[in-house]
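This report refers to the structure that appears directly beneath it.
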2 protein chains.
Amino acid sequence: MTLPPESGAAAPEGNGERPARPVPEATVSRLAVYLRVLGELREAGVETVSSEELAGASGVNSAKLRKDLSYLGSYGVRGVGYDVTSLQGRLQGELGMDHRQSVALVGVGNLGHALAGYTGFAGRGFPVSTLFDVDDELVGSEINGIRVRHVREIPEVCAEGGVTIGMIATPGPAAQKVCDLLVAAGVQSILNFAPVLLSVPDDVEVRKVDLSVELQVLAFHVARRHTGAAAVTDKTNESVVS
Amino acid sequence: MTLPPESGAAAPEGNGERPARPVPEATVSRLAVYLRVLGELREAGVETVSSEELAGASGVNSAKLRKDLSYLGSYGVRGVGYDVTSLQGRLQGELGMDHRQSVALVGVGNLGHALAGYTGFAGRGFPVSTLFDVDDELVGSEINGIRVRHVREIPEVCAEGGVTIGMIATPGPAAQKVCDLLVAAGVQSILNFAPVLLSVPDDVEVRKVDLSVELQVLAFHVARRHTGAAAVTDKTNESVVS
DNA sequence: GCATGTGAAGTTATTCACAGCG
DNA sequence: CGCTGTGAATAACTTCACATGC
């Protein structure tokens, strides 16, 4: 039985905003992608999409998309498709965009500086509200209009500012210490760019972005091609063939 | 039948360096992590690790680690563990680090600039050898000692330089065009930071890093906690509990 | 008629648990 | 003995295929 543990009263509507469904982790990241695509569609004036179209624009197949959306309940119209605006709203709610999200970034070095200025975050509902660093040269300065504060201020500032998400872009050796400070400040979601494994209480969610790992996976495939082997077990490909 | 499809004529060589095993995609990214940890261990003077230790330091459980390594053949000693140096060498080979990898980065804006200066790449065997941009202000200048060239030069420069991996850090709208140029130049592995779906021939491997998606996944979990729900189906957690 | 929503089947990945070897 | 290596069991995820309902 692999079926979604259907949590009791389904309450299709009324205004029952909460089927309390257990969304698979793999689905969550795709929902974020669908949400971006829906935004583009809406800007383009599209009012309705079929699963086929939305899936195509998101790089997945339509069955997967429908299954993903089914975890949120039924929001499509048979024979027609999905209303772009209302599906967008539904996804925003599901992905926590109706709560205010406030992001703190620790480590304003090379990468951190770029992240602080990355317009993609604010544009997508994740304004970086505070910057932290240990470097006294930087503390007190402003980057992209945001003042850099000293790492030791993390506890107060994060609590005051209602920070929900912390990003760590420090050198590896500093990351755990910073992480501990964030956790102590009540931050329960952390995006870690430092190439180290963070230890956290298990009510804290950590996601790691490791750029070297990404390159290494690509290098593996380069090597495979030269070895002439059929490489990997996988099958993930809907790319448009030239 | 889940067993490795054993690809026909196995060992062309004398000393069986290649079982021609089909490494699962999920395993590949973890191998990259193990490789990093092994490097750290070696620098710390450690000569032998058990699967338990290496797994702990990598954030996975030991059964998974052993299974992962088993795809490369047997390199451990029962009752003892793995020799750090030789396992490191084995992984480097498997991950294509014995081929020369040369990385081209397209888009030297906010994020691209940071990537160009990211020491983690060169340090881990992925020197960024060439930068490209369309901005005439940038073309001709140097960043981190690397000259910025015009995007239209991609074909020649990539071919000459033997570029094996392309990184795209342009704004979304430019990404597909850049991607086409890279592909035309023979680049078969691309790391895409632009928030768009790239179309490529299916002999080209694309990996996408979407920072907003990462944040959104975290936001989802933030929202879940406030909803008090048991959230997700998943179970991916080996974080050290405080 | 047509596209959604979903059980059921298939595939891939993880974990268990223990045989086998140093 | 202890720790590796691995079949067998479990779980997660994907795809199929079709009944369902607009």
Side-chain angles (χ1 to χ4, degrees), chain A residues 1-6 10 12-13 19 21-31 33-34 47-56 58-84 86-87 90 230-238, chain B residues 1-6 19 21-31 33-34 47-56 58-84 86-87 90 231-238:
Chain A
M1 292 296 165
T2 325
L3 70 164
E6 190 48 71
E13 262 314 299
R21 56 281 123 169
V23 184
E25 187 67 22
T27 290
V28 176
S29 17
R30 286 191 300 263
L31 292 180
V33 175
Y34 306 152
E47 297 190 338
T48 302
V49 266
S50 65
S51 62
E52 200 71 54
E53 294 162 334
L54 183 50
S58 304
V60 304
N61 74 34
S62 65
K64 198 188 301 193
L65 177 131
R66 289 199 301 277
K67 178 74 82 179
D68 285 342
L69 294 184
S70 78
Y71 294 112
L72 320 185
S74 180
Y75 269 78
V77 181
R78 288 162 195 257
V80 179
Y82 302 88
D83 177 74
V84 171
S86 77
L87 183 55
R90 189 74 192 74
V232 184
T233 307
D234 125 295
K235 183 84 306 194
T236 327
N237 235 318
E238 24 272 333
Chain B
M1 296 289 166
T2 324
L3 68 166
E6 192 48 69
R21 58 281 123 169
V23 184
E25 188 66 24
T27 290
V28 176
S29 20
R30 287 192 299 264
L31 293 180
V33 175
Y34 307 151
E47 297 192 337
T48 303
V49 265
S50 66
S51 63
E52 199 72 55
E53 294 163 334
L54 183 49
S58 304
V60 304
N61 73 35
S62 65
K64 198 188 302 195
L65 177 130
R66 289 199 301 278
K67 176 75 82 180
D68 284 343
L69 294 184
S70 78
Y71 294 113
L72 320 186
S74 181
Y75 269 78
V77 180
R78 288 161 196 257
V80 178
Y82 302 88
D83 177 75
V84 171
S86 77
L87 183 56
R90 188 73 192 75
V232 183
T233 306
D234 126 294
K235 186 81 308 198
T236 326
N237 234 321
E238 23 274 332

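Lettering follows sequence order; numbering is per chain, from 1.
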Please state how far atom [atom1] in [X] lies from atom [atom2] in [N], giving the value in whole angstrom units.
| X | N | atom1 | atom2 | result |
| --- | --- | --- | --- | --- |
| A:Leu72 | C:dT6 | CG | P | 11 Å |
| B:Glu53 | D:dT4 | CD | C1' | 14 Å |
| B:Glu52 | C:dT15 | CD | P | 13 Å |
| B:Leu65 | C:dT15 | CG | P | 12 Å |
| B:Lys64 | D:dT10 | NZ | C1' | 14 Å |
| B:Lys67 | D:dG7 | NZ | C1' | 7 Å |
| B:Asp68 | C:dT12 | CG | P | 16 Å |
| B:Tyr75 | D:dT6 | OH | P | 14 Å |

Worksheet item: Would one find a side-chain N or O of A:Ser51 under 4.0 angstrom from OP1 or OP2 of C:dA3?
Response: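 No.
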
Worksheet item: Within the structure, does a side-chain N or O atom of B:Ser50 lie under 4.0 Å from either OP1 or OP2 of D:dC3?
Response: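 Indeed not, no polar side-chain atom of B:Ser50 lies that close.
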
Item to complete: With sequence neighbours excluded, tell me which residues meet side-chain contact (heavy atoms from CB on, under 4.5 Å) with A:Val80.
Response: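 Result, side-chain contact (heavy atoms from CB on, under 4.5 Å) vs A:Val80: A:Thr48, A:Val77.
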
Worksheet item: Sequence neighbours excluded, which residues qualify as side-chain contact (heavy atoms from CB on, under 4.5 Å) partners of B:Ser29?
Response: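 By the side-chain contact (heavy atoms from CB on, under 4.5 Å) rule, B:Ser29 matches A:Val213, A:Val217.
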
Fill in: Side-chain heavy-atom pair B:Tyr75, B:Leu69 within 4.5 angstrom cut-off
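Counting from C-beta outward, B:Tyr75 and B:Leu69 never come under 4.5 Å.
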
Interface polar pairs with nucleotides 18-22 of chain C, N/O, under 3.5 angstrom:
unit_1 : atom_1 : unit_2  : atom_2 : d
C:dG20 : N2     : B:Arg78 : NH1    : 3.3
C:dG20 : N3     : B:Arg78 : NH1    : 3.2

If you check the [X] side chain, which of [options] turns out closest?
| X | options | result |
| --- | --- | --- |
| B:Ala63 | D:dT14, C:dA17, C:dT4 | C:dA17 |
| A:Tyr82 | D:dC13, D:dA8, C:dT4 | C:dT4 |
| A:Asn61 | C:dA3, D:dT15, D:dC13 | D:dT15 |

Discussion item. For a quick test of reading the model, state the closest non-hydrogen atom pair linking B:Tyr82 to B:Gly76 and the distance between them.
Written reply: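 Shortest heavy-atom separation between B:Tyr82 and B:Gly76 comes out as CD2-CA, 3.4 Å.
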
For [X], all residues meeting side chain to side chain donor-acceptor pair (under 3.5 Å), sequence neighbours excluded:
| X | answer |
| --- | --- |
| B:Thr27 | B:Asp68 |
| A:Ser50 | A:Glu53 |
| B:Ser86 | B:Asp83 |

